[in-house]
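Presented below is the structure to which this report refers.
Reckoned from all heavy atoms, side chains included, excluding hydrogens, waters and symmetry mates. The first residue of the sequence shown is numbered 1, and numbering continues consecutively from there. Order of appearance sets the numbers: ligands from 1, and atoms from 1 within every ligand.
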Amino acid sequence: MDEFDIVIVGGGVVGLAVAFQLSRNPAYTNKNIVILEREKNFGMQTSSRNSEVIHAGIYYDTESLKAELCLKGRELLYDYCLRFEIPHARIGKLVVAQSGQESILEALEKKAIENGVNNLKMIDHALLQRIEPALAASSALFSPSTGIIDSHSYMQSLLTNAEQQGVIFSRSTSVESIKLEDQGFRLSIIIDDGRLRQPYALRTKILINCAGLGALNLAAMAFSELELNGFDSRIQRSHALPEQLFSKGSYFNYTGRNPFTHLIYPLPDSENDALGIHATIDLSGALRFGPDAEWYEHIDYSVDPSKAVIFARSVQQYFPTLDPSKLKPGYAGIRTKLKTEGAPSDFVIRNEDEVGLPHLINLFGIDSPGLTSSLAIAGRVESLLAETT
Ligand SMILES: Cc1cc2nc3c(=O)[nH]c(=O)nc-3n(C[C@H](O)[C@H](O)[C@H](O)COP(=O)(O)OP(=O)(O)OC[C@H]3O[C@@H](n4cnc5c(N)ncnc54)[C@H](O)[C@@H]3O)c2cc1C
């Protein structure tokens, strides 16, 4: 049976960033590190189904991990893009308010400043008309640190850099069960390349769970082993696995002319813990709208064409000359949200030392701004590892 020092489950942007980060750390130079990814290639789930926006860190609760890691991650990501020539553009974004909504915009500015985002500018109607003539809004908050990135190039670069340092990427490899052993974990996996389906097993000392939407399932595999071993249920309850909700976000491409030079966001949809249907420009200049937010029980990436009507109504509030016939179904992504008592869902990154598994690192609830935060998340994982190894 193959033996590894570190297994990273999940080859999305977070798993790849963790692999990159560890592969550069001299403490892990001679360690065997492998990424196990169920899909045929890296980043085929949530990491290729997002807005590709580098967020500034405006929205998140000040004490949250999202606020901290978004701000750190944003700067690390811009530096990475420059260093490894990843296509990106710091085009800036406008969060717009309609008449009567100005106080909400001011509250947003206050929260951003508390988070350490100190370069926002309030823009009045007259100036807005000059910089974005197609925009209808009474005022806007301008965020110059917001940008866009070619996330595929970024993920490819993370993987190439990690592989150059000896990390192995095992595609079409699904972790099916976990057994606890004295010195770590024994994983049962299936390697299925579409032609051949082969069961296989491996051992690892450290297990890092970056499985995105599958992270809670994976953690439950290890926790159910604890139950079998008669682990004290009181401690387990105090450190129980969180509950997960799926929030689906659909996008529509716009085949009409793009009149905007900035990303345009309405006020956030706090009821659904989402940013509202925004206008995103990709690096080729194409315009798309989304994502909306819809609670789902399962993973379903289809886009309902009839939603074009709702999208048109929502977007026309800030882009009144939008031609609804030019909205074409694009793609959808699923946000992993953790059930909380009314508070917005936050990232959870923890080693499971409280249940006696310090070498299991779980990452839960890595929804937006997970792409922006990826390198800071990787840094957090690296610190947790340093504390426990
Ligand atoms: C609609 C939407 C818009 C967003 N917009 C932005 C944005 O503009 N900016 C931003 O910063 N963030 C954004 N995000 C958030 C960002 O996309 C995610 O935080 C990020 O992609 C999460 O990466 P991940 O690696 O954790 O998950 P994933 O990309 O889903 O990767 C997890 C991987 O684990 C694999 N896996 C799961 N279970 C197993 C198993 N048992 N065995 C092997 N492999 C397994 C999966 O196949 C998958 O590839 C958005 C998210 C959504 C849904």
**Study point:** Proximity of F252 and F311 rings by center, below 6.0 Å
**Key:**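 Yes - the distance between ring centres of F252 and F311 falls below the 6.0 Å cut-off.
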**Study point:** Centroid-centroid distance, F42 to H152, less than 6.0 Å
**Key:**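 Yes.
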Can you list the atoms of ligand 1 that are under 4.0 Å from a heavy atom of [X]?
X    : answer
I366 : 18 (C), 19 (O), 22 (C)
P291 : 1 (C)
E39  : 47 (O)
S174 : 42 (N), 43 (C)
L36  : 43 (C), 44 (N)
C210 : 32 (C), 34 (O)
G333 : 53 (C)
L371 : 10 (C), 11 (O), 12 (N), 16 (C), 19 (O)

If the contact criterion is a heavy-atom separation under 4.0 Å, does [X] count as touching ligand 1?
X    : value
Y251 : yes
T173 : yes
H55  : yes

Protein heavy atom at shortest distance from [atom]:
atom                    : answer
atom 27 (O) of ligand 1 : G212 CA, 3.8 Å
atom 31 (O) of ligand 1 : G12 CA, 3.4 Å
atom 52 (C) of ligand 1 : R49 O, 3.8 Å
atom 8 (O) of ligand 1  : V53 N, 3.1 Å
atom 17 (O) of ligand 1 : N50 ND2, 2.9 Å
atom 42 (N) of ligand 1 : V175 N, 3.0 Å
atom 34 (O) of ligand 1 : G10 CA, 3.2 Å
atom 33 (C) of ligand 1 : E37 OE1, 3.4 Å

State whether the shortest distance between N or O atoms of [X] and N or O atoms of ligand 1 falls below 3.5 angstrom.
X    : answer
G43  : no
I334 : no
D367 : yes
R38  : yes

**Study point:** Region of E52 engaging ligand 1 - heavy atom pairs below 4.0 Å
**Key:** backbone
Does [X] [atom1] have over 12 foreign heavy atoms under 6.0 Å away?
X    : atom1 : answer
R24  : CZ    : yes
E243 : CD    : no
K307 : NZ    : yes
D124 : CG    : yes

Hey, does the side chain of [X] reach the backbone of [Y] with a donor-acceptor pair shorter than 3.5 angstrom?
X    : Y    : value
N209 : A215 : yes
T340 : A343 : yes
T372 : H55  : yes

Exercise for review: Can you spot which of L363, L375, I8 makes a side chain to side chain contact (heavy atoms under 4.5 Å, CB included) with V14?
Suggested key: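 Among L363, L375, I8, the one meeting side chain to side chain contact (heavy atoms under 4.5 Å, CB included) with V14 is L363.
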Point to revise | Minimum heavy-atom distance S51-R288, with the two atoms named | key: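 So the minimum-distance heavy-atom pair works out to O-NH2, 3.1 Å.
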Review point. Can you tell if the side chain of L159 reaches within under 4.5 Å of the side chain of I35, non-hydrogen atoms only?
Key: yes
**Study point:** Test item: P144 and K93 side chains (from C-beta on) under 4.5 Å apart, heavy atoms
**Key:** no
Point to revise | Members besides Y296 in its Ile/Leu/Val/Met/Phe/Trp/Tyr cluster (side-chain heavy atoms under 4.5 Å) | key: L213, F246, I299, Y301, I334
Check your understanding: Apart from L82 itself, what residues make up its hydrophobic cluster, given side-chain heavy atom links below 4.5 Å?
Key -> none
Nearest option to [atom], as decided by whichever heavy atom of [options] sits closest:
atom                    : options              : answer
atom 23 (O) of ligand 1 : S47, C70, A332       : S47
atom 26 (O) of ligand 1 : D292, V13, L363, V14 : V14
atom 15 (C) of ligand 1 : G11, A293, S368, S51 : S368

Check your understanding: Side chains of Y28 and D5: donor-acceptor distance under 3.5 Å anywhere?
Key -> no
